[in-house]
Amino acid sequence: MQNIYPIHAFKDNYIWIIHNNNHAIVVDPGIASPVIEYLHTNKLQLSAILITHHHNDHTGGNAELLKLFDAPVYGPMHELISTVTHPVREGDQINLQAMSLDFTVLEIPGHTRGHIAYYGSNPIKRLFCGDTLFACGCGRVFEGTVQQMYHSLGKLSRLPDDTLVYCAHEYTLNNIHFARTVDPDNPKLAELEVTMQALRCQNIPTIPTTLALEKTVNPFLRCDQPEIMDSVQNYTDKILLTPLDIFTELRNWKNNF
Ligand code: ZN
Ligand code: FE
């Protein structure tokens, strides 16, 4: 039996924990205490920590967890994170034998320069993508370039449609609000807003999403679609020629929304 559970942290972070009856792996533990509590309550041994990028809300709990558990910490090779014991890069395979889990590392720079994602297809297709792809949105471009972010999202969108996407923040309602401004006539988006509002009213996570759904509702994955292109073109005075131009202005629009 394998479970995946979101541990709420800070204002809107999710620390994802995957576990069986004995072992657990944790993704982006920004704070240790709720993770330790979950591990103790469920009598779990920590087998590994996966880190997507260096921001403190994703790494802050590492040191304390390592005092209690002797676990490898996987993280991006191109970022300086003192608690990472196993730096990984594009194409690396991670085999977590205690959990019978395998992940492939994807480099997806943009939000930060070295941001990575973890993709696993056994037993089900799952993507842990930190602050790069969000439900109905995408991460801010802090260190990398908009072009890198565009290509990183393109890379993620080429994974299988039925991939479950586990992002690291609950931003969905806010993202849908923006998406509806950009793409007001999208019926899937209107439907999604109702469903997601109902979930949030009960404090239920809107994550995971799927790539199939994101391709129909997430404007950042739809910069080659006429309705998104027209809408973004109307927003700006600049002449936009390529999907990358559209993406750049769309990201800019969201920053000022
Ligand atoms: Zn971040
Ligand atoms: Fe974050």
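Each ligand, and each atom within it, is numbered from 1 in the order the structure gives. The figures here come from the full heavy-atom set of this structure, side chains too, leaving out hydrogens, waters and symmetry mates.
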* To do: May I ask you to list the protein N, O or S atoms found at less than 2.8 Å from the Fe ion (ligand 2)?
  => Asp57 OD2, His58 NE2, Asp131 OD2, His169 NE2
* To do: Assess the side chains of Ser47 and His23: does a donor N or O sit below 3.5 Å from an acceptor N or O?
  => yes
* Asked: Under 3.5 Å, side chain of Asn203 to main-chain N/O of Arg200, donor-acceptor pair present?
  -> no
Answer yes when [X] and [Y] have at least one side-chain N-carboxylate O distance shorter than 4.0 Å, and no when they do not.
X	Y	result
Arg89	Glu107	no
Glu193	Arg180	yes
Glu90	Lys155	yes
Arg140	Asp131	no

* Structure fact -> Report for the Zn ion (ligand 1), protein N, O or S closer than 2.8 Å, by chain and number, lists His53 NE2, His55 ND1, His111 NE2, Asp131 OD2
* Would Val84 and Val88 show up in the same hydrophobic cluster when neighbours are defined by side-chain heavy atoms closer than 4.5 Å? -> no
* **For Tyr118, ring-ring contact (aromatic ring centres under 6.0 Å, His included) partners two or more places apart** => none
* To do: Report the residues that fulfil ring-ring contact (aromatic ring centres under 6.0 Å, His included) with His54, sequence neighbours left out, ordered by chain and then residue number.
  => none
